[in-house]
Amino acid sequence: MTLQQVSMEDLDHLAATAADVLAQVRDAMVEPHPRKLAPTFTSVAIADLCSIDKSQVKYLTQKHELPSGRKIEGSKAKEYTLEDAIQWVQKIGGRPRRAPDTPGKVLAVCNYKGGVAKTSTSMALAQALTLRGLKVLIIDCDGQGTATQLAGISPEQDVDIEQTIMPYIYGDYPDLQYAVQTTYWHNLSVIPASSGLLAAEFALPAKAMEQRGFKFWEVLKNGIEPLRKEFDLIVIDTSPSLSHLTVNAMIAADGLLMPCPPDALDFASSVQFWGIFSELIDGLPNAKQKRYDFISIVYTKVQANEISRLVKTWMKQAYGAHINGIEIPDSTAARTASAQLKTIYDLSKPDGSIEAYRRYKEPLDRLADYVLDQLAVSWSKA
């Protein structure tokens, strides 16, 4: 067999062809506009979100002048929009709320390794927290733009570099308010990403060399500050690396969440991640004074086998109380949703096995409740 050399022109052609195929696949999945549609909810789902009995829905609708839903043609059942559901939760759900004069919190979702369900967990958590009454912003700090894609925006087709965090990093804006976009999901906004974010890895150290005393690790923290007034929670989805942007995200954050499969290589990578981050902090002036409200590691892609159980034991020994005990399984439901550029919360009803849907969604709901509890404690101390 003779190996054929590949020229840069061949690579250009490969990239263009692959992008064209991806665009065709995406269009087939998500047309017509809007690209993504929010799910609808049944009366049972509304009752479940608000922790009430379904028999109370009619009474509470009248008492609080809440959305009454829309009759489904050919059925006695009603369906509610996402906005209806959130209105119900905010009025009836009894969830913790942020006081108007209390700043919102920032959560960085990070891991040194790709393929650990970091971005899907970030987006699902953001969606789940809006269903608990919060107003949430996702900042996509990964040049691959997967969180942007899950927010219903194509990073290749719909995002110019001017819409990302890059103009702020270059100094064109005083903060990041200019970059916030609403999405198809009520109360969930995004600052999108594109491959242009890779330039941050050159721009930040260049500024540090040009400007004496420039704190390159606090750039994102400063840009986020005005957004804390508008959003209850800002979720930063980071790249699978300890890049300049990831360090910025971790310094900006009040809490850190690491999704990590109980796999030997993933565990080893996570240990390396914390070790390198700790060394970096040692070299940054005043960074050692940083305090987090919480750091939490969540098991993802969990399989029911002996290896998984063994590695979970190692992780508990290594991370102690930082392991929150929630196990998000390796699931066909997750793969089915991902193949449609969706999360489990995008589905109005199970797409496939109801049991697989429930088994995957239930721990994500518990993760959202866990994070909300942490936020409530933090808000109370603000």
Side-chain angles (χ1 to χ4, degrees), residues 86 95-111 118-142 145-148 150-151 153 163-169 173-183 185-193 197 200 217-239 245-259 290-296 343 345 367-368 370-379 381-382:
I86 290 174
R95 304 282 188 175
R97 301 296 298 274
R98 174 176 67 102
D101 58 344
T102 300
K105 292 292 182 175
V106 180
L107 175 69
V109 184
C110 49
N111 195 303
K118 176 181 59 62
T119 299
S120 59
T121 302
S122 298
M123 182 57 68
L125 178 62
Q127 291 171 317
L129 287 169
T130 67
L131 292 172
R132 283 149 179 77
L134 272 58
K135 190 173 183 182
V136 182
L137 170 68
I138 282 235
I139 302 180
D140 193 347
C141 282
D142 184 352
T146 309
T148 301
L150 288 174
I153 300 169
Q163 297 169 293
T164 70
I165 64 174
M166 287 310 300
Y168 165 70
I169 288 176
Y173 292 91
D175 56 58
L176 285 167
Q177 293 182 88
Y178 73 93
V180 175
Q181 294 188 31
T182 56
T183 72
W185 189 281
H186 186 63
N187 276 2
L188 178 60
S189 297
V190 66
I191 294 180
L197 254 60
W217 58 94
E218 290 188 351
V219 172
L220 198 56
K221 172 188 172 185
N222 297 333
I224 285 173
E225 199 59 35
L227 298 174
R228 290 175 178 266
K229 297 177 183 178
E230 181 179 356
F231 294 97
D232 300 308
L233 179 66
I234 299 169
V235 177
I236 308 177
D237 185 55
T238 64
S239 64
L245 279 184
T246 299
V247 171
N248 262 267
M250 295 174 74
I251 294 296
D254 302 297
L256 300 178
L257 180 70
M258 174 181 274
K290 172 73 181 177
R291 295 290 182 271
Y292 291 102
D293 294 335
F294 67 95
I295 294 176
S296 190
T343 75
Y345 291 100
L367 179 61
Y370 169 84
V371 171
L372 184 55
D373 287 344
Q374 301 301 315
L375 294 175
V377 172
S378 300
W379 290 334
K381 294 179 179 178

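All values derive from a computational prediction rather than experimental measurement.
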Could you tell me whether the side chain of [Y] reaches within less than 4.5 Å of the side chain of [X], counting heavy atoms only?
X	Y	answer
Leu197	Met166	yes
Leu134	Asn187	no
Pro259	Val109	yes
Leu125	Leu107	yes
Ile251	Leu220	no

Between the side chain of [X] and the main-chain N/O of [Y], is any donor-acceptor distance below 3.5 Å?
X	Y	value
Tyr173	Ile165	no
Tyr292	Leu256	no
Lys135	Ser189	no

inquiry  = Tell me if the NZ atom of Lys229 is crowded by more than 12 foreign heavy atoms within 6.0 Å.
reply    = no

Spacing of [X] atom [atom1] and [Y] atom [atom2] [to the nearest 0.5 Å]:
X	Y	atom1	atom2	answer
Asp232	Arg97	CG	CZ	7.0 Å
Trp185	Ile138	CH2	CD1	11.5 Å
Asp237	Thr246	CG	OG1	9.5 Å
Thr343	Gln127	OG1	CD	3.5 Å
Thr130	Leu188	OG1	CG	6.0 Å
Leu257	Thr238	CG	OG1	10.0 Å

N-O pairing of Arg228 and Asp254 below 4.0 Å = yes

Could you report the tightest heavy-atom contact between [X] and [Y], atom names first, then the distance?
X	Y	value
Pro226	Gln177	CB-NE2, 3.7 Å
Val106	Ala252	CB-O, 3.8 Å
Asp140	Asp142	OD1-N, 3.1 Å
Ala193	Gly145	CB-CA, 4.2 Å
Tyr345	Leu131	CD2-CD1, 4.0 Å
Ala179	Pro192	O-CD, 3.8 Å

ask   = Which side-chain hydrogen bond (donor to acceptor under 3.5 Å, both in side chains) pairs, counting each pair once, include a residue from residues 99-109, with sequence neighbours left out?
value = Lys105-Asp293

ask   = Looking at Ile153, Val180, Val235, which hits side chain to side chain contact (heavy atoms under 4.5 Å, CB included) with Val190?
value = Ile153

query = Which one of Val219, Ile191, Ile224 satisfies the side chain to side chain contact (heavy atoms under 4.5 Å, CB included) criterion with Tyr168?
reply = Val219

ask   = Which class fits the ring pair Phe294 and Tyr370: parallel under 30°, tilted 30 to 60°, perpendicular over 60°?
value = perpendicular

